[in-house]
Colleague: 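One structure is given below, represented as structure tokens, and several questions about it will come after.
Per chain, numbering begins at 1; letters A, B, ... match sequence-line order.
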Number of protein chains: 2
Amino acid sequence: MTTAASQRLPLSRERVLACAVALADESGIAALTIRTLAQRMGTKPMSLYYYVANKDEILDGIVDMVFSEIELPVPEGNWREEMQLRAHRVRSALRRHPWAVGLLENRSAPGPATLRHHEATLATLRTAGFSVQLTAHAYALLDSYIYGFAVQEAALPFEGRDTAAEITKPIMERFTTGEYPRMVEIAVEHVLKPGYDFGDEFEFGLDLILDGLSRLTADPG
Amino acid sequence: MTTAASQRLPLSRERVLACAVALADESGIAALTIRTLAQRMGTKPMSLYYYVANKDEILDGIVDMVFSEIELPVPEGNWREEMQLRAHRVRSALRRHPWAVGLLENRSAPGPATLRHHEATLATLRTAGFSVQLTAHAYALLDSYIYGFAVQEAALPFEGRDTAAEITKPIMERFTTGEYPRMVEIAVEHVLKPGYDFGDEFEFGLDLILDGLSRLTADPG
DNA sequence: TAGCGGTTTAGTACAGTGTACGGTACTGTC
DNA sequence: GACAGTACCGTACACTGTACTAAACCGCTA
């Protein structure tokens, strides 16, 4: 005779982490507690500790899961295209999982997927002829831009095209009395324009950075 | 007759926030609890609630305090110098208070110092002749880079010149067996070199970005 | 079939968190 | 002397991560 409990999928580290990611996506990283996670998986809190040492290991694990979702760049490809693709993939992963960038600064031990990702990215730049030094510079620059963009995007109270206007307009109207004229100007003439999406700003900076890097590799003068 | 308690400085919102900043600096943002904060100030937890509505208001408040430490750019100055100076000032503030960038993505309501900072920065770009659109692009790009760099800097297990070598060397030696050759290469030929400081990477990206922006404003062809 | 040892799941308990609620002292005004 | 407002605090509650303990289940040998 099979009880209801026995029909439930068996626990596993994979399932714990996958469930943790889903929970964080739906309800925010603050809602990711051992108890809610256990409840969601149809088990009791302490059962999870058989698969993970502690909560920190869960946090490390879900960061690595985010990286595992990101397709790797191919070192033999055109470096600029590969880096542009990679940037967009990382950004979209960080938009799907807005909590991830917040964990990046706390967690120190990178997981295997994270290491593979870094390795593939570095290989692409080196294979394209970037010197070791320039590779380090370029990688720090690109990731800073991507992570920082994700931070700003996560901080926005709105998301997606045109939604900025609804949120921002009433706020801005309080400011029209002069203390912050430049912010109002940006809002009225840029952010509140129909079709505006902060995400579109990403391409501008990315192109500028990639242009700059191109100049440092190919340009003879 | 004055008791020991009466000699204590009177509480105030300012003092609560300043103490919260100091506590977070010394022991990390996780150690910033109502109880430890109260103890540090020589009071009881609930006394703080007379000056702040809740802990979120404290977090909002200390983010704004960080911005209040940053000297404002002057709109009449040379935009490139002003932006370079500002970038370094923001970065050093975020290095003094590594928890700040982590709060940025959660808190939505910017405080007065934050608003003044944004206003002065936008004014500098607009005064220099940047169009509204280009100003928005440039600001998103610059802040993304600065914030993202701070995220990476906060994630590093080491800090400052030459300390990277001590930490990284034993880790890298485990990797020399081939799975991550490019990472090892970067480590050995760049990070482990004497005098290395990740912070130095900041200037490279900043210059590249400012160069790119210059080209978009002045360059005739 | 009985018993055993390792694997997996649960129950209970504890210290620490934010903060709601209801006080208590002190100060100034009438 | 009565009253109101300011500043501060004690207690209590629901929630957190997780240590410790016990129970159930499993494939196995005898």
Colleague: Would you say B/Ser47 reaches D/dA7's phosphate, i.e. side-chain N/O to OP1/OP2 under 4.0 Å?
Modeller: no

Colleague: Base contacts versus sugar-phosphate-only contacts with protein, heavy atoms under 4.0 Å: please encode nucleotides 11-19 of chain C as B, S and - from 5' to 3'.
Modeller: B-----BBB

Colleague: Identify the heavy atoms of A/Ile29 and A/Ile62 that sit nearest to each other, and give their distance.
Modeller: CD1-CD1, 4.2 Å

Colleague: Among residues at least two apart in sequence or on other chains, which ones pass salt bridge (charged side-chain N to carboxylate O under 4.0 Å, His left out) with B/Arg91?
Modeller: B/Glu153

Colleague: Check the distance between D/dA7's P and B/Arg15's CZ and give it to me in whole angstrom.
Modeller: 14 Å

Colleague: Please confirm whether the shortest side-chain N or O distance from A/Thr43 to OP1 or OP2 of C/dT9 is below 4.0 Å.
Modeller: no

Colleague: Treating B/Glu57 as the side-chain partner and B/Val52 as the backbone partner, does any N or O pair qualify as donor plus acceptor under 3.5 Å?
Modeller: no

Colleague: Evaluate the side chain to side chain contact (heavy atoms under 4.5 Å, CB included) criterion for residues A/Leu122 and B/Glu185: first the C-alpha distance (whole Å), next the side-chain angles of each, then the deciding distance (0.1 Å), finally the verdict.
Modeller: CA-CA 10 Å; A/Leu122 293 174; B/Glu185 182 186 50; over 6 Å; no

Colleague: Working to the nearest 0.5 Å, report the span between NE2 of A/His118 and CE of B/Met183.
Modeller: 6.5 Å

Colleague: Find the distance B/Arg13:CZ to D/dT6:C1' and express it as a whole number of Å.
Modeller: 18 Å

Colleague: Given D/dC9, C/dA10, D/dA7, identify the nucleotide with an atom nearest to the side chain of B/Tyr50.
Modeller: D/dA7

Colleague: Show every side chain to side chain donor-acceptor pair (under 3.5 Å) that has at least one partner inside residues 190-199 of chain B, sequence neighbours left out.
Modeller: B/His190-B/Glu201

